[in-house]
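So that the names make sense, note that chain A is the first sequence line, chain B the second, and so on, each numbered from 1.
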Amino acid sequence: MRLSNRTLFVIRPIPPYDFELTVRKPAGWSLLNPLEVYREGTLWTATHFDRELVGIRLTGKGTVEHPRIDVAIFSSKRHGAGWAAGAEKLLSSMLGADQDLSQFYSFAKRDGILKHVIDDLYGMHDTFSNTIFSEAVLAILLQMAPLKRSNEMMVSFINEYGDTVEFDGERIRAWPTPQKMANVDQEELARRCRVGYRAKSIIKLAKRLLAVDFPSAEELERMDSDRAREALLELPGIGDYSADIINPHGGFPIDVWSAEVFGKLFFGKEPRNNRDAVERVKREGIRRWGKWAWMAFFYTVQDLEGLSRKLGTRIRLT
DNA sequence: GCGTCCAGGTCTACC
DNA sequence: GGTAGACCTGGACGC
């Protein structure tokens with residue numbers, strides 16, 4: 001699909017805001033999907049706004065202390081000022097442009113681990129996708145697989161079932177939609193994308209999101225954190241760990257790998273059994289970081305190399 | 001080359 | 001209400 005109509009506007013994030021760190025996070029987390037393109041300060045990506053597939057070009061301008069993002073949204077239809085205002089509000093939120101980091105930084109400066117990561121990643125904001133389906137599928141594909149295999153499943157899923165848009169000289173594939181996946185055969189999905197038993201959860205998830213009036217990402221953000229989490233736990237294939245990943249309020253998503261990492265940071269040694277240590281490590285993280293647990297988790301996993309160096313602790317990176 | 005184990009969880013049957 | 005076992009696949013490891 002070729003997208004030729006452009007809507008232009010500027011976003012001025014709350015400083016400090018490091019555009020590159022925010023849209024291309026050091027641990028390899030992409031803004032919206034792993035197939036988006038980043039080149040010399042500009043990101044090309046694609047998503048759905050109100051079920052309409054749009055292309056997005058973001059260019060970081062200014063400095064960390066005086067940031068500016070030039071935005072171009074490419075669509076097949078022409079849109080008016082009202083649509084543009086809605087898109088600007090949504091994208092600002094997705095880019096974390098309205099996050100004020102000052103309180104988190106004040107807290108982090110007094111913590112033996114966090115004081116290092118906020119120094120290394122100064123100005124990195126948290127971002128989130130506007131579609132629950134993509135976040136939930138990502139969480140499902142992370143389950144019971146090494147990161148390399150999760151990435152392979154993710155790329156295969158997007159290539160096999162995502163729509164391609166052409167805009168601004170780029171070709172970008174977007175995450176598949178629940179509308180499309182609800183009609184796909186489970187065995188076909190498993191075979192084409194090598195996702196194994198996860199295919200069942202993905203198809204059931206797509207059907208559930210279409211069948212009931214499930215809250216949107218924005219609605220989940222307006223709920224209190226516990227209520228949002230409860231809603232997410234009702235989705236097929238979404239348990240404790242995945243709900244913490246998807247929840248716009250953030251959680252403390254400890255799995256086998258992060259139990260090892262945080263176990264080492266908290267207690268100075270690797271747990272004897274990572275799977276058994278998950279609950280203990282999670283409790284300690286929430287006790288230590290309280291309402292900042294998500295931001296602390298987010299910053300820490302992006303800076304494991306820096307922390308290994310500064311703390312003199314060998315941490316497994318992936 | 002082959003068999004076994006296990007990995008960045010979740011669900012379900014069984015007690 | 002608590003928990004053991006199953007679940008796709010592919011890489012690592014031992015033999």
Handout entry: Between B:dC5 and C:dG5 - C1' atom distance, rounded Å
Key = 16 Å
Completion exercise
Whole-Å distance, A:Ile140 CD1 to B:dG8 P, equals 18 Å
Exercise for the section: Look only at the side chain of A:His116 and the backbone of A:Arg309, and say whether a donor-acceptor pair between them is shorter than 3.5 Å. Expected result: no
Handout entry: Any A:Ser201 side-chain N or O less than 4.0 Å from OP1/OP2 of B:dT10
Key = no
Problem - Common cluster, A:Leu31/A:Ile245, ILVMFWY with side-chain heavy-atom separation under 4.5 Å - result: no
Problem - Nearest-angstrom distance, P atom, C:dC8 to B:dA13 - result: 15 Å
Handout entry: 5'-most by nearest nucleotide on DNA chain B - A:Trp257 or A:Leu233
Key = A:Trp257
Practice task
Provide the distance between the two P atoms, one in C:dC13 and one in B:dG8, to the nearest whole Å.
Solution key: 13 Å
Exercise for the section: Whole angstrom is fine here: how far is it from CG in A:Asp240 over to C1' in B:dT10? Expected result: 11 Å
Problem - Rounded interatomic separation in angstrom, taking CD1 from A:Ile238 and P from B:dT12 - result: 14 Å
Practice task
Would you verify whether the NZ or CZ of A:Arg192 falls within 45 degrees of the ring axis of A:Tyr161 while also being under 6.0 Å from that six-membered ring's centre?
Solution key: yes
Exercise for the section: Tell me the partner of C:dC8, counting only Watson-Crick (N1-N3 plus N6-O4 or O6-N4) or G-U wobble (N1-O2 and O6-N3) with both under 3.5 Å; none if nothing fits. Expected result: none
Handout entry: For B:dG8, the Watson-Crick or wobble partner whose two distances fall under 3.5 Å
Key = none
Exercise for the section: Round to the nearest Å and state the distance from A:Gln143 atom CD to B:dA7 atom C1'. Expected result: 12 Å
Under 3.5 Å, which N/O atoms of the protein pair with N/O atoms of nucleotides 7-10 of chain C?
unit_1	atom_1	unit_2	atom_2	d
C:dC8	O4'	A:Tyr197	N	3.0
C:dC8	O2	A:Arg149	NH2	2.8
C:dC8	O2	A:Arg198	NH1	2.8
C:dT9	O4'	A:Arg149	NH2	3.0
C:dT9	O2	A:Arg149	NE	3.3
C:dG10	OP1	A:Arg194	NE	3.2
C:dG10	OP2	A:Arg194	NH2	3.2

Exercise for the section: Would you mind checking if A:Glu170 and A:Arg39 are paired as a salt bridge, meaning a charged N to carboxylate O distance below 4.0 Å? Expected result: yes
Handout entry: Between B:dT10 (C1') and A:Ile245 (CD1): distance, integer Å
Key = 13 Å
Practice task
Would you indicate what A:Pro253 reaches in the nucleic acid, counting non-hydrogen atoms under 4.0 angstrom: base, sugar-phosphate, or nothing?
Solution key: nothing
Handout entry: Length of the NZ-C1' vector between A:Lys200 and C:dA6, whole Å
Key = 11 Å
Exercise for the section: Would you mind classifying the nucleic acid contact of A:Leu147 as base, sugar-phosphate or nothing, using non-hydrogen atoms under 4.0 angstrom? Expected result: base
Handout entry: Main-chain N/O of A:Met124 paired to A:Tyr299 side chain as donor or acceptor, under 3.5 Å
Key = yes
Completion exercise
A:Ile254 CD1 to B:dG8 P, in whole Å, measures 14 Å
Practice task
Answer with yes or no after comparing the ring centroid distance for A:Trp289 and A:Phe266 against a 6.0 Å cut-off, counting only values under it.
Solution key: yes
Problem - salt bridge (charged side-chain N to carboxylate O under 4.0 Å, His left out), paired with A:Glu284, selected from A:Arg287, A:Arg280, A:Lys282 - result: A:Arg287
Practice task
Grab the CD-C1' distance between A:Glu279 and C:dG2 for me, whole Å please.
Solution key: 14 Å
